[in-house]
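Notes follow the structure.
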2 protein chains.
Amino acid sequence: MAPLSQQMQQLSETCSHCSLRYLCLPDHLDSHDLEKLERLVDSGAPVLAETELFAQGEGLTHIYAVRNGSAKTVRIDEEGFEQILGFYYPGDILGFDGFADQHHHCSAVALETSHFCRIPVDQLDALVDELPSLRQRLVRLMSQVLSEDGRMMLTLGRKDSEGRISSLLLGLSRRRALRGMPASSVPLNMKRADLANFLSMRLETVSRVLTRLQRAGVIKVSQNRVDILDRDALRERSSRGAWVADQS
Amino acid sequence: MAPLSQQMQQLSETCSHCSLRYLCLPDHLDSHDLEKLERLVDSGAPVLAETELFAQGEGLTHIYAVRNGSAKTVRIDEEGFEQILGFYYPGDILGFDGFADQHHHCSAVALETSHFCRIPVDQLDALVDELPSLRQRLVRLMSQVLSEDGRMMLTLGRKDSEGRISSLLLGLSRRRALRGMPASSVPLNMKRADLANFLSMRLETVSRVLTRLQRAGVIKVSQNRVDILDRDALRERSSRGAWVADQS
DNA sequence: CGTTGTTTTGACTTTATTCAAGCATGGTGG
DNA sequence: CCACCATGCTTGAATAAAGTCAAAACAACG
């Protein structure tokens with residue numbers, strides 16, 4: 001249950017009044033341009049947990065911004081393997097990967113009952129041609145994702161199980177801080193299996209690492225929430241777990 | 001030693017006559033738009049092996065297209081760990097990750113003596129505002145990279161050493177096919193340590209897997225070249241090595 | 001309460017890493 | 001022209017980490 005005040009601010013209908021505008025598409029747009037963007041945005045009905053927002057392979061008609069709640073993106077590759085690509089929180093954009101060929105390359109699924117802003121791609125496209133500031137903003141956001149992906153590949157490739165969990169927790173915490181929410185109490189809206197899939201570990205290992213970290217007094221685990229008790233120790237573990245590559 | 005004909009075609013000065021135009025930025029541009037793009041492109045001096053094209057942290061002034069030769073991108077993260085993010089071949093674009101904040105988030109290094117097309121970002125930016133077709137092309141290319149990254153995360157996270165090597169070899173082979181080069185003979189321009197770093201394995205493991213695959217008659221390894229003898233077997237191993245995630 | 005789904009814990013096995021040594025290759029200078 | 005060194009690659013034996021399978025604990029929900 002989110003506090004009422006938070007629900008109120010997040011449900012504000014217009015971008016200009018949205019508490020997330022500095023994270024989301026509107027950032028760096030002047031009020032005139034913002035108004036035009038605003039007219040495209042449609043805030044639809046609530047999306048229930050486990051419901052698909054869009055499906056892999058589907059044509060790209062809209063991109064989405066998380067208004068409140070959370071989501072994950074899942075990709076099933078040619079060989080039939082399922083991989084969670086990311087978790088998304090208020091202000092994050094879903095659907096960028098579809099610009100390549102106008103089709104979604106992953107599915108998006110709500111982790112809990114959530115609200116999303118829907119933006120029709122064709123209209124966005126037209127507006128982008130009109131507003132250089134919006135184009136720049138879009139390119140920056142996409143580029144940011146690229147940069148994030150690089151970081152993730154590093155985590156997956158080079159850290160042991162403890163390093164991965166620690167990195168993930170710090171990452172989620174940081175993203176909460178960006179949104180002005182308490183950063184030391186991180187809700188885990190997803191199942192352990194989701195975490196395991198995302199971090200490429202088995203869920204048993206996720207569980208073991210979480211209890212190990214708890215026993216070490218670094219975090220406190222309770223159901224769907226992790227409290228960070230010793231941030232420095234967590235940071236230390238997130239990098240200690242990484243190994244140094246051979247020199248080329 | 002590349003055959004002369006290949007050198008000739010790749011060194012063609014204009015995009016319109018470049019054999020790589022359908023892979024590279026020019027694709028989908030009409031001749032009028034292409035001409036304008038062409039004027040921005042500067043084909044500089046050859047870049048020697050191990051030389052940096054641009055450095056992480058540096059301001060984004062140009063993006064680069066590989067004209068001939070090859071390159072790798074390397075990122076050093078906050079914790080000082082070095083990770084190779086990708087290998088690049090003729091027609092590939094380097095520098096997209098810099099659009100986020102006008103600074104490069106990785107370094108680019110030539111793997112061998114190579115030529116690159118340099119495109120000044122400020123001029124490109126202006127041209128993008130002018131030409132919707134170019135904007136669309138750029139967005140598509142970036143989106144493609146995003147999609148590729150997703151695939152890579154899957155490989156890193158979910159495949160064992162044999163699966164990773166097999167996937168890499170198939171990937172390199174596919175990219176050669178796209179460029180009209182013999183796909184069954186894949187040159188490994190990079191060192192084993194680079195491969196190991198990229199795939200997040202130790203170089204000893206890379207070595208062991210290559211010999212294992214060779215003993216199984218799937219490939220033939222010679223110095224800096226791998227011949228694919230049994231593509232189906234390689235494909236089989238590239239997916240066999242992957243494990244199935246727990247259901248969420 | 002009992003049923004179902006999720007998470008934790010335990011014992012055992014597999015896999016890749018580590019450390020250490022040996023083998024090729026290619027370039028340099030005697 | 002060949003011995004020698006540097007660099008990069010391969011191989012081997014021991015170790016540590018994470019995966020597997022199986023079962024028990026815990027929560028949530030009707």
Side-chain angles (χ1 to χ4, degrees), chain A residues 1 48-50 81 111-113 155-168 187-216 219-226 237 240-248, chain B residues 1 49-50 72 81 84 111-112 155-168 187-216 219-226 237 240-248:
Chain A
M1 293 298 117
L48 299 180
E50 303 290 304
F81 298 109
L111 290 172
E112 57 196 305
T113 304
T155 296
L156 283 182
R158 303 283 273 290
K159 294 184 181 177
D160 61 13
S161 55
E162 205 171 286
R164 292 182 198 192
I165 292 279
S166 304
S167 299
L168 179 91
L188 297 181
N189 336 63
M190 65 297 283
K191 300 190 185 146
R192 296 285 188 275
D194 286 333
L195 283 182
N197 181 312
F198 181 60
L199 296 175
S200 297
M201 316 169 24
R202 307 252 73 151
L203 59 83
E204 292 96 324
T205 310
V206 172
S207 187
R208 281 187 241 275
V209 172
L210 283 174
T211 50
R212 202 193 309 159
L213 287 174
Q214 167 156 261
R215 269 203 260 280
I219 60 173
K220 181 169 175 311
V221 185
S222 52
Q223 292 312 99
N224 295 323
R225 161 160 258 92
V226 167
R237 277 156 200 266
R240 176 142 50 93
W243 45 269
V244 178
D246 304 300
Q247 224 33 238
S248 65
Chain B
M1 291 297 116
E50 303 289 305
K72 63 178 175 184
F81 298 108
I84 293 179
L111 290 172
E112 57 197 304
T155 296
L156 283 183
R158 303 282 273 290
K159 294 184 180 175
D160 62 13
S161 55
E162 205 172 286
R164 291 183 199 192
I165 293 279
S166 304
S167 299
L168 179 92
L188 297 181
N189 335 65
M190 65 297 283
K191 301 189 186 147
R192 296 286 188 275
D194 286 332
L195 284 181
N197 182 312
F198 181 60
L199 296 175
S200 297
M201 318 169 22
R202 308 254 73 151
L203 60 82
E204 292 96 325
T205 311
V206 171
S207 187
R208 281 187 241 275
V209 172
L210 284 174
T211 49
R212 202 192 309 159
L213 286 175
Q214 168 156 260
R215 269 202 260 278
I219 60 174
K220 183 169 173 309
V221 185
S222 53
Q223 294 308 98
N224 294 322
R225 160 160 258 96
V226 167
R237 278 157 197 267
R240 176 141 50 94
W243 44 270
V244 179
D246 304 299
Q247 225 34 239
S248 64

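Note that the structure is predicted; figures quoted are calculated from it, not measured. Residue numbers start from 1 in every chain, and the chains themselves are labelled A, B, ... in the order their sequence lines are given, proteins ahead of strands.
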query = Touch check for A/Q223, heavy atoms < 4.0 angstrom, all strands: base, sugar-phosphate only, or nothing?
reply = sugar-phosphate

Whole-Å distance separating the CE atom of A/M190 from the P atom of C/dT6 = 15 Å

ask   = D/dA17 P sits how many Å from A/R164 CZ, rounded?
value = 14 Å

task = For B/K191 and for B/E204, locate the closest nucleotide of DNA chain D by heavy-atom distance; then report the residue assigned to the nucleotide nearer the 5' terminus.
result = B/K191

remark   = To the nearest angstrom, the CG-C1' distance between B/L210 and D/dT11 comes to 14 Å

message = Counting C-beta onward and ignoring hydrogens, is there a side-chain heavy-atom pair between B/R192 and B/L210 closer than 4.5 Å?
response = yes

inquiry  = Tell me whether B/S167 contacts the main-chain N or O of B/G163 through its side chain, where contact means a donor paired with an acceptor under 3.5 Å.
reply    = yes

inquiry  = Any base atoms under 4.0 Å from A/L203, or only sugar-phosphate, or nothing? Heavy atoms, all strands.
reply    = base

ask   = Just how far, in rounded Å, is P of D/dT10 from CE of B/M201?
value = 12 Å

query = Taking CD from B/E162 and C1' from C/dT15, how many angstroms apart are they, rounded to a whole number?
reply = 12 Å

task = Give B/S161 one of three labels, base, sugar-phosphate or nothing, depending on what nucleic acid heavy atoms sit under 4.0 Å from its own.
result = sugar-phosphate

inquiry  = When you compare the side chain of A/S200 with that of B/L156, does any pair of heavy atoms fall below 4.5 Å?
reply    = no

key: Among C/dT18, D/dT10, D/dG19, the nucleotide that comes nearest once only the side chain of B/S207 is considered   = D/dT10

ask   = Rounded to whole angstrom units, what separation is found between the CG atom of B/L188 and the P atom of D/dG8?
value = 15 Å

task = Provide, to the nearest angstrom, the distance between the CZ atom belonging to A/R225 and the C1' atom belonging to D/dA27.
result = 17 Å

ask   = Are any of A/T205's side-chain N or O atoms less than 4.0 Å away from OP1 or OP2 of D/dA18?
value = no

request  = Decide yes or no for A/T205 and A/L199: does some side-chain heavy atom of the first lie under 4.5 Å from some side-chain heavy atom of the second?
outcome  = no

ask   = Does A/T211 put a side-chain nitrogen or oxygen below 4.0 Å from OP1 or OP2 of C/dT8?
value = no

inquiry  = Any non-hydrogen side-chain atom of B/I84 less than 4.5 Å from a side-chain atom of B/M190?
reply    = no

query = Are OP1 or OP2 of D/dA18 and a side-chain N or O of A/R208 less than 4.0 angstrom apart?
reply = no

query = Looking at B/R192, does any N or O in its side chain come under 4.0 Å of the phosphate oxygens OP1/OP2 on D/dT10?
reply = yes

ask   = What is the distance from CZ of B/R202 to C1' of D/dT15, rounded to the nearest Å?
value = 15 Å

